[in-house]
Amino acid sequence: MDEAAALPPFAAIVVAAGKGERARQGVPKQFAFWRGKPVLRHSVDALVESGANPVIVAAPSDMQGEAHAAVGDNPRVEVVAGGATRQASVRHSLDVLAGRGCERVLIHDAARPELMRDVVARLIKALETTAGAIPVLPVVDSLVIASSGAMDGKAEREAIRRVQTPQAFRFSAIHAAHHAWEGAANAGDDAQVLHAAGGSVALVDGDERLRKLTFAEDFMDDLPPMRIGSGYDVHCLAEGEELWLGGVRIEHSHGLSGHSDADVALHAIVDALLGSVGAGDIGTHFPPSDPQWKGAASDRFLTHAVGLVTAAGYSVGNVDLTIVCEAPKIGPHRDAMRERIAQLLGVDIGAVSVKATTTERLGFTGRQEGIAAQAVALVIRR
Ligand SMILES: C[C@@](CO)(OP(=O)(O)O)[C@H](O)COP(=O)(O)OP(=O)(O)OC[C@H]1O[C@@H](n2ccc(N)nc2=O)[C@H](O)[C@@H]1O
């Protein structure tokens with residue numbers, strides 16, 4: 001039987017308002033790519049698939065757009081502004097849910113991307129008998145009490161558990177507890193808030209896969225050492241247009257027409273880089289229907305693609321570009337293109353190959369109606 005179908009109705013809150021600088025991903029870690037999509041997207045999708053409705057995502061107030069982009073268009077997901085602290089984000093999200101008849105709520109940290117349906121089911125079931133339930137794991141290492149840098153006794157690990165999220169609560173209990181919280185210091189988690197209000201908190205089995213992504217190396221431990229991507233683009237040749245190829249302006253009887261500067265060579269490289277980390281294609285990031293890209297220089301598209309490769313935990317290894325056209329001759333401009341592309345990619349010129357070929361006057365390129373370009377990119381785990 002489908003587990004989601006067996007669960008009673010519940011809402012979810014995903015706290016994603018932190019800065020996450022320790023992960024050094026260039027963006028807050030909840031928006032960094034991990035296993036092919038933003039960290040935040042993983043648990044939001046898992047909660048939606050488990051039946052959570054709605055899923056409230058508390059994101060930084062100045063990154064609401066990034067949060068919407070990260071979670072995609074899902075009618076069951078609502079993005080709200082988080083607060084200055086995790087607790088403020090949770091309290092505000094609970095207030096957003098108030099009055100909607102919500103009886104159960106899961107509260108989850110976005111930095112824990114792997115969320116298993118069986119953990120959700122265990123947590124929701126525990127609410128039949130307690131006001132709160134949290135997933136925990138035993139401590140396997142021996143523990144010591146430290147004092148001034150020295151061992152000051154042994155701690156009984158049997159009495160200690162490692163706590164994870166999501167944490168499940170009867171809505172009325174946790175909502176009241178957050179508003180009653182007197183603690184000057186920020187509560188470590190929501191179970192402590194409920195416990196301080198006298199609520200009972202049950203322990204259920206957690207899962208090692210629910211680990212929190214905190215440091216840069218957390219983003220790399222399972223990444224394949226290398227990934228490749230390919231890109232292909234075409235643009236029409238037209239009189240009165242400028243000809244930009246490989247980031248270089250070339251004098252020619254015709255130029256390329258398009259929404260941007262139509263640099264078909266850079267576009268192929270952009271798609272190869274985006275493809276290497278599964279980040280869509282150039283048109284999803286820079287829609288030709290979006291007026292802001294009218295006449296845009298394509299080097300900014302390449303810079304954006306390199307940023308996404310970096311955020312995914314990779315750096316550019318090498319790129320191999322082939323320009324397909326009868327004219328102009330690419331040879332005289334090859335090294336200028338290689339130099340400009342290497343500069344944009346942040347790699348040595350030796351990592352950039354620029355080739356050219358005619359199609360023996362065959363097809364649209366042979367009739368000089370347009371220029372095509374294809375590229376392959378290798379990215380290497382940082
Ligand atoms: C660089 C930009 C800047 O706006 O414009 P140009 O200067 O090339 O015109 C665009 O990003 C250039 O996007 P590009 O992807 O080459 O344009 P198109 O071929 O028209 O595709 C636009 C979008 O439609 C999608 N698409 C395209 C063809 C197709 N049969 N189905 C699709 O879903 C693609 O995934 C792409 O995201």
Side-chain angles (χ1 to χ4, degrees), residues 31 33 36-38 41 45 65-66 68-74 227-312 316 319-328 330 333 337 340-341 343-345 352 354 356 359 363-365 367-377 379:
F31 299 134
F33 266 70
K37 58 186 179 180
R41 183 67 181 264
D45 285 354
E66 287 83 345
H68 278 289
V71 298
D73 294 326
N74 189 313
R227 294 178 65 139
I228 63 168
S230 74
Y232 178 79
D233 197 21
V234 170
H235 276 284
C236 298
L237 282 164
E239 287 185 283
E241 296 280 358
E242 292 184 349
L243 179 55
W244 286 87
L245 276 177
V248 169
R249 171 84 190 276
I250 295 173
E251 288 304 321
H252 186 52
S253 61
H254 292 67
L256 288 174
S257 68
H259 188 55
S260 66
D261 65 5
D263 187 330
V264 66
L266 290 191
H267 295 177
I269 298 173
V270 168
D271 268 355
L273 291 173
L274 294 174
S276 73
V277 291
D281 60 38
I282 189 170
T284 53
H285 292 268
F286 308 100
S289 55
D290 187 335
Q292 72 174 306
W293 310 122
K294 181 71 181 151
S298 296
D299 52 9
R300 61 192 299 187
F301 304 151
L302 195 50
T303 305
H304 178 77
V306 172
L308 290 178
V309 166
T310 304
V316 178
V319 162
D320 181 20
L321 167 71
T322 302
I323 300 171
V324 184
C325 63
E326 295 298 312
I330 299 301
H333 309 282
M337 290 180 186
R340 180 60 179 145
I341 293 166
Q343 181 188 31
L344 290 167
L345 296 178
V352 178
V354 173
T359 50
F364 70 89
T365 50
R367 294 188 296 271
Q368 302 198 46
E369 295 165 359
I371 294 180
Q374 61 185 37
V376 174
V379 295

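Keep in mind that the numbers below use all heavy atoms, side chains included, and drop hydrogens, waters and symmetry copies. Residue indices begin at 1 and follow the sequence shown. Both counts, for ligands and for their atoms, begin at 1 and track the order of listing.
- The closest side-chain heavy-atom distance from S298 to V270 is not below 4.5 Å.
- D299 pairs with exactly one of H304, R340, Q343 by the side-chain hydrogen bond (donor to acceptor under 3.5 Å, both in side chains) rule, that one being R340.
- The presence of a protein heavy atom under 4.0 Å from atom 8 (O) of ligand 1 is confirmed.
- Contacts between D281 and ligand 1, counted as non-hydrogen atom pairs separated by less than 4.0 Å, involve the side chain only.
- There is no protein heavy atom closer than 4.0 angstrom to atom 24 (O) of ligand 1.
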Between W244 and I250, is a side chain to side chain contact (heavy atoms under 4.5 Å, CB included) present by the stated rule, with each step listed?
CA-CA 6 Å; W244 286 87; I250 295 173; over 6 Å; no
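- Of the polar atoms of F301, none of the N or O atoms is found under 3.5 Å from an N or O of ligand 1, judged by distance alone.
- In this structure, atom 13 (O) of ligand 1 has protein heavy atoms in its sub-4.0 angstrom surroundings.
- For ligand 1, the atoms sitting less than 4.0 Å from at least one non-hydrogen atom of H259 are 4 (O), 5 (O), 6 (P), 7 (O), 9 (O), numbered in the order shown with element in parentheses.
- Every atom of ligand 1 with a heavy atom of I282 under 4.0 Å away is listed here by number and element: 1 (C), 11 (O), 13 (O), 14 (P), 15 (O), 16 (O).
- The shortest N or O to N or O distance between H235 and ligand 1 is under 3.5 Å.
- Summarising the geometry, atom NE2 belonging to H254 is positioned 13.0 Å from atom SG belonging to C325; distances are rounded to the nearest 0.5 Å.
- The aromatic rings of F301 and F286 lie tilted to each other, with the angle between the two planes from 30° to 60°.
- Within the model, atoms NE2 of H235 and NE2 of H267 stand 5.0 Å from one another, a figure rounded to the nearest 0.5 Å.
- In this structure, atom 28 (C) of ligand 1 has no protein heavy-atom contact shorter than 4.0 Å.
- With hydrogens left out, the protein atom closest to atom 20 (O) of ligand 1 is P288 CG, 4.0 Å, a heavy atom.
- Of the options V324, T365, V234, L245, a side chain to side chain contact (heavy atoms under 4.5 Å, CB included) to I371 is made by L245 and by none of the others.
- In this structure the side chain of C236 never reaches within 4.5 angstrom of the side chain of L256, judged on heavy atoms.
- Close contacts of ligand 1 with S260, meaning ligand atoms under 4.0 Å from a residue heavy atom, involve 1 (C), 6 (P), 7 (O).
- At the shortest separation from atom 4 (O) of ligand 1 among protein heavy atoms lies F286 O, 2.7 Å.
- Scanning the protein heavy atoms around atom 1 (C) of ligand 1, the nearest turns out to be H267 CE1, 3.5 Å.
- Put simply, OG1 on T303 and CG on L266 are 9.5 Å apart, with the number rounded to the nearest 0.5 Å.
- Ligand 1 places these atoms under 4.0 Å from at least one heavy atom of G283: 11 (O), 13 (O), 15 (O), 36 (C), 37 (O).
- Side-chain contact check for I341 versus V354: some heavy-atom pair is nearer than 4.5 Å.
- Within 4.0 Å of atom 31 (N) of ligand 1, not a single protein heavy atom is present.
- Contact annotation: the side chain of R249 never approaches that of L243 to less than 4.5 Å [non-hydrogen atoms, C-beta and beyond].
- Of the protein's heavy atoms, at least one falls inside 4.0 Å of atom 36 (C) of ligand 1.
- Residue P287 approaches ligand 1 through these ligand atoms, each under 4.0 Å from one of its heavy atoms: 4 (O).
- Taking any N or O of D261, backbone or side chain, none lies under 3.5 Å from an N or O belonging to ligand 1.
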